[in-house]
Amino acid sequence: MSQQERKSLLLEIAPELLDELAETHERSSRELPALPGAGNGVVMRFAPNPSGPLHLGHARASVLNDYYVRRYGGRYVLRIEDTDPRRVDPEAYGMVLEDVEWLGLGITDIVYQSDRLDIYYDWCRKLIELGGAYVCVCEAERFRELKLRGKACPCRERTVEENLELWQQMLDGEFYEGDVTVRVKTDLTHPDPAMRDYSAMRIVNAPLHPRVDATVFPLMNFSVAVDDHLLGITHVIRGKDHIANTRRQRYIFDYFGWEPPVYRHYGRMGISGVVLSTSGMREGIKSGLYTGWDDIHLGTLRAIARRGIKAEAVRNAMIDIGIGETDISFSWENLYSRNKEIVDPKANRYFFVPDPVEVVVEGAPCREAHAALHPGDPSRGARTLVAGGRVLLPKADIEGKSMVRLKDLYNVRIAWDGDLPRVSYAGDSLEDARRDKAPIIQWLPADANLPCTLLRQEGSLEGFCEPLVAGERDNVVQFERIGFARVDSADGGRVSAYFAHR
RNA sequence: GCUGCUAUAGUGUAGAGGCCAAUCAUGUCGGCCUUUCACGCCGACGACAGGGGUUCGAAUCCCCUUAGCAGCACCA
C-alpha cells in the first residue's frame, strides 16, 4: 500500500484519525527537573578554564546551565577562569569564544577573572581581618602531614595584624612561589581532610600571565566563591567533581554572611572513542599524530562540528542526558540519532562510489538518470547523470553478484571471468531487478565525476562522487547507502568529506 | 585508607509507597513504504545490582553487602 493509498483508505474507515497520520513525530527534548527558587529568573554561569578549545564535557555543563537560563529567564555569565598562568593558553581565549558561539549559548555577560585580581585581593584582606584566613609559610608537605593528623600549623596562631603584614608582603613581591600561601581557616577536625584549611591565595612567578602583570593569584575556591556572590549567581550546575569544592566555598560564604547559590552536581560522564585531555591533545598535535584541534579523533566541539554534527544535536543530546547524579557513559549513537533528525531533512543525496571498478556496459544505450536530490522533498528536483558506456561501480557491491541495478538507471548483468567482471546491459525494468533480487547500487559515469576522499575515524575511504558535491562545501550531504558526511573541501577538482554517521 | 555521592533494559532517561506484570528515546530484530541498507510507519526484544527489614502494599523508605565514581593540591 502506498502512502496515498493508505491515506485514502484511512479516510474511508476512520477519517477522524487522519490528522494523526499527518502529525510528524517531533522528538523534542524532555523537560528537566525544576530548580528551587528559580521562579523570578536565574543568574547562572559557565566557567571554563582557557587551556584549550571546548569539548563534549564542557558542552554538557554549558548546555545544561543554558537550558535553565532559557527556561526561567535571567542572565548567563561566561566567566573565563584564568587564574592559573600555568593552565592558560593565550590562543584558547579565542577558541573558547568561538565554541561558545557555535554552541549557541545565550551568554549575556563575559567576565575574565584575570581582570578581577584586585577584587580578590580586597576580599582576601577582609577575610584575614575577619580572622577567617591566615598566611601560612609552612612547606606544603609539612602542612599536609599536620592536616592529615588534624593538627594546626604554627602559622594558624598568628594575629590578624601579623597576617595582614605578611599578606602585604606577598602583594609586594617579597615572597617567592611555593614559600607562602593564604589559607582559609575551616575546621582541622573536619572528618574530610579535604576540608581542612585549604588554600585561597598563592604566588606564581612563572610563567607570566598573558593578560595581567601579577604574581599573586587566587585559587579557584576563593575566586569562585567571591565571584559567584558578586555576580549574583543564583544557581550552579556542575559536575560532581566539584562537590568538595562546593563545601569548601561554603566556608567563605559563611564568613562573609553571603547566601550561597543553589547547587546541582551531575555525575561523571565517560566518553569513549575520542581524546579529551587537553595535554593529550596538545601533545598529539605537536607530534603530528593529530592534524589540529579539530582532528576527528578528538572530542573537541570543533572536531565533531567538522564531522557534520550540529550544535543543536549536541544540545539535545545533553538535555536528554540531564543532570542526574549517576555516572554515565556518553552515547555516540544517541548523539548521532539526534543529529540525523536535524540533518536528514536537509541533506541532499548523492552517489559516492568507494573503491571503484571501471567497467564498460556492453550493449548499453546512452541514458540520462534523474535521481532525486531528496526523496522526501521532490520540489528540490533531481541531479542528472549521463551514462555513456563506461561507469564506475563500487567493488564491494558487485563482488559475487550476477545482476545488479544501477539506481535510477538500468539493470546490468555481470559475468565473472575469474575476478574480472564483464558487464552487459540487461534492460530498464525495475520489476525485473526486483524479481531477480538484484541489489540496487550507486554508480557514476566514468567521464563525469570527482575524486573524493571520505575521512572516517577508523580510516579513510577513497572513491569518486558526483560533480555537484563540489557545490556543497560545508554542507552535510548523504552519500546514498553509505551515510551522512560533511563536505570539508572541494578544491582543485577533488572533494574531501568527513563521515558523520549512517 | 579517610570523606562523600550514586546504583532502572546494550546506551540515555521517567518514576518522589498503591495508577508500575515499570515511561520515553536510542539500539537490535522482523514487517510495511521506498529505484538508498536513509526518512517515515507497524510490531517485537530488553531493566528496578544482591540480601535483609518497615508496611496491608516498595523501583520508590531504612540497614547491610557489592560495584562505580568523586575529592583528600600553593589545578580548574
Side-chain angles (χ1 to χ4, degrees), chain A residues 1-3 5-6 21 24-25 27 29-33 47-51 81-84 86-88 113 136 138-140 143-144 147-148 177-183 190-196 198-204 217 219-221 223-224 238-245 247-248 265 267-270 316-322 324-338 340-341 343-345 347 349-351 369 371-372 374-377 397 405-411 430-431 433-434 438-442 478-484 502:
Chain A
M1 209 186 295
S2 74
Q3 287 284 357
E5 285 167 336
R6 285 182 185 199
L21 189 70
T24 50
H25 265 231
R27 276 177 288 173
S29 291
R30 68 203 186 86
E31 177 116 316
L32 260 27
N49 166 256
S51 57
E81 304 208 329
D82 55 347
T83 53
D84 181 0
R86 258 185 278 279
R87 301 222 338 178
V88 169
Q113 290 194 314
C136 174
C138 298
E139 270 181 47
F143 179 84
R144 204 178 89 88
K147 176 188 75 176
L148 287 175
E177 188 165 334
D179 290 347
V180 65
T181 182
V182 176
R183 292 188 183 283
H190 194 290
D192 184 354
M195 291 304 119
R196 300 172 191 166
Y198 63 87
S199 276
M201 287 280 179
R202 51 73 187 271
I203 291 172
V204 181
F217 290 93
L219 284 141
M220 174 231 200
N221 283 305
S223 49
V224 163
R238 55 178 176 180
K240 72 163 160 190
D241 46 320
H242 286 293
I243 287 176
N245 291 322
R247 280 200 281 270
R248 284 192 273 229
H265 299 99
R268 186 198 149 90
M269 179 168 78
N316 289 340
M318 293 305 166
I319 292 172
D320 285 344
I321 288 168
E325 295 174 62
T326 317
D327 299 328
I328 58 157
S329 38
F330 173 78
S331 163
W332 290 98
E333 263 178 4
N334 290 349
L335 174 63
Y336 293 157
S337 165
R338 284 309 204 165
K340 201 190 285 183
E341 76 189 51
V343 131
D344 179 76
R349 271 54 175 173
Y350 295 101
F351 290 148
H374 196 293
D377 182 5
D397 281 329
R405 179 175 179 83
L406 310 193
K407 185 167 181 284
D408 301 300
L409 191 65
Y410 47 55
N411 307 329
L430 181 58
E431 285 65 40
R434 285 190 169 144
I440 296 170
I441 65 170
Q442 71 276 28
Q478 191 206 50
F479 287 137
E480 295 198 32
R481 299 176 67 246
I482 293 179
F484 294 90
R502 287 190 60 86

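Since the structure is predicted, the reported quantities are computational estimates derived from the model, not experimental observations. Any value given below was found using the heavy atoms of this structure, including those in side chains, with hydrogens, waters and symmetry copies removed.
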Let's test this: given Watson-Crick or G-U wobble pairing with both distances under 3.5 Å, identify the partner of [N].
N: B:rU34; value: none
N: B:rA73; value: none
N: B:rC19; value: none
N: B:rA58; value: none
N: B:rG43; value: B:rC29
N: B:rC5; value: B:rG68
N: B:rC24; value: B:rG12

What nucleic acid atoms does [X] come within less than 4.0 Å of, heavy atoms only: base, sugar-phosphate, or nothing?
X: A:Glu81; value: sugar-phosphate
X: A:Pro439; value: nothing
X: A:Arg86; value: nothing
X: A:Val180; value: base
X: A:Asp84; value: sugar-phosphate
X: A:Phe484; value: sugar-phosphate
X: A:Thr83; value: sugar-phosphate
X: A:Asp192; value: base
X: A:Gly267; value: nothing
X: A:Asn221; value: nothing

Min side-chain heavy-atom separation [X]-[Y] under 4.5 Å:
X: A:Arg247; Y: A:Met195; value: yes
X: A:Gln442; Y: A:Lys407; value: no
X: A:Ile203; Y: A:Val180; value: yes
X: A:Asn245; Y: A:Val224; value: no
X: A:His242; Y: A:Met220; value: yes
X: A:Asn49; Y: A:Asp82; value: no
X: A:Lys340; Y: A:Ser337; value: no

Please check this pair: side chain of [X] against backbone of [Y], looking for a donor-acceptor N/O pair closer than 3.5 Å.
X: A:Arg405; Y: A:Arg434; value: no
X: A:Arg202; Y: A:Ala200; value: no
X: A:Thr181; Y: A:Met201; value: yes

- prompt: A:Arg183 side chain N/O closer than 4.0 Å to the phosphate oxygens (OP1, OP2) of B:rC74?
  reply: yes
Short side-chain N/O contact to B:rG12 OP1/OP2 from A:Ser329, under 4.0 Å: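 True: A:Ser329 side-chain N/O within range (under 4.0 Å) of B:rG12 OP1/OP2.
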Distance check, [atom1] atoms only: [N] and [M], in whole angstrom units.
N: B:rC61; M: B:rA16; atom1: C1'; answer: 11 Å
N: B:rC63; M: B:rU54; atom1: C1'; answer: 11 Å
N: B:rA59; M: B:rA49; atom1: P; answer: 10 Å
N: B:rC39; M: B:rA47; atom1: C1'; answer: 30 Å
N: B:rA58; M: B:rC5; atom1: P; answer: 26 Å
N: B:rA14; M: B:rA67; atom1: P; answer: 26 Å
N: B:rC64; M: B:rA25; atom1: C1'; answer: 36 Å
N: B:rC69; M: B:rA44; atom1: C1'; answer: 36 Å

- line: For nucleotides 62-70 of chain B, 5' to 3', base contacts (B), sugar-phosphate-only contacts (S) and non-contacts (-) with protein non-hydrogen atoms under 4.0 Å give ------BBS
Could you check how far [atom1] of [X] sits from [atom2] of [N], rounded to whole Å?
X: A:Tyr336; N: B:rU26; atom1: OH; atom2: P; result: 17 Å
X: A:Arg502; N: B:rU36; atom1: CZ; atom2: C1'; result: 9 Å
X: A:Met318; N: B:rU11; atom1: CE; atom2: P; result: 18 Å
X: A:Asp344; N: B:rG40; atom1: CG; atom2: P; result: 7 Å
X: A:Arg349; N: B:rA38; atom1: CZ; atom2: P; result: 11 Å
X: A:Trp332; N: B:rG10; atom1: CH2; atom2: P; result: 22 Å
X: A:His374; N: B:rC39; atom1: NE2; atom2: C1'; result: 7 Å
X: A:Glu341; N: B:rC41; atom1: CD; atom2: P; result: 12 Å

If you check every side-chain atom of [X], which of [options] has the closest atom?
X: A:Thr326; options: B:rA7, B:rU35, B:rC39; value: B:rA7
X: A:Pro191; options: B:rU13, B:rU3, B:rC39; value: B:rU3
X: A:Thr181; options: B:rC2, B:rU36, B:rC74; value: B:rC74
X: A:Ile328; options: B:rA38, B:rU11, B:rU13; value: B:rU13
X: A:Lys147; options: B:rA76, B:rG12, B:rA73; value: B:rA73
X: A:Asn49; options: B:rU35, B:rA76, B:rU11; value: B:rA76
X: A:Pro193; options: B:rU11, B:rC39, B:rC72; value: B:rC72
X: A:Arg87; options: B:rA76, B:rC74, B:rA38; value: B:rA76

field: Aromatic ring pairing A:Trp332/A:Tyr336, orientation class (parallel under 30°, perpendicular over 60°, tilted between)
entry: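 A:Trp332 vs A:Tyr336 ring planes: tilted.
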Would you state whether a donor and an acceptor, one from the side chain of [X] and one from the base of [N], lie under 3.5 Å apart?
X: A:Glu333; N: B:rG12; answer: no
X: A:Asn334; N: B:rU11; answer: yes
X: A:Arg144; N: B:rA73; answer: no

message: More than 12 heavy atoms of other residues, nucleotides or ligands under 6.0 Å from CD of A:Glu139: yes or no?
response: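 Counting neighbours around CD of A:Glu139, 12 or fewer heavy atoms of other residues, nucleotides or ligands fall under 6.0 Å, so no.
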- line: Closest to the 5' end of RNA chain B, once A:Asn245 and A:Phe330 are matched to their nearest nucleotides, is A:Phe330
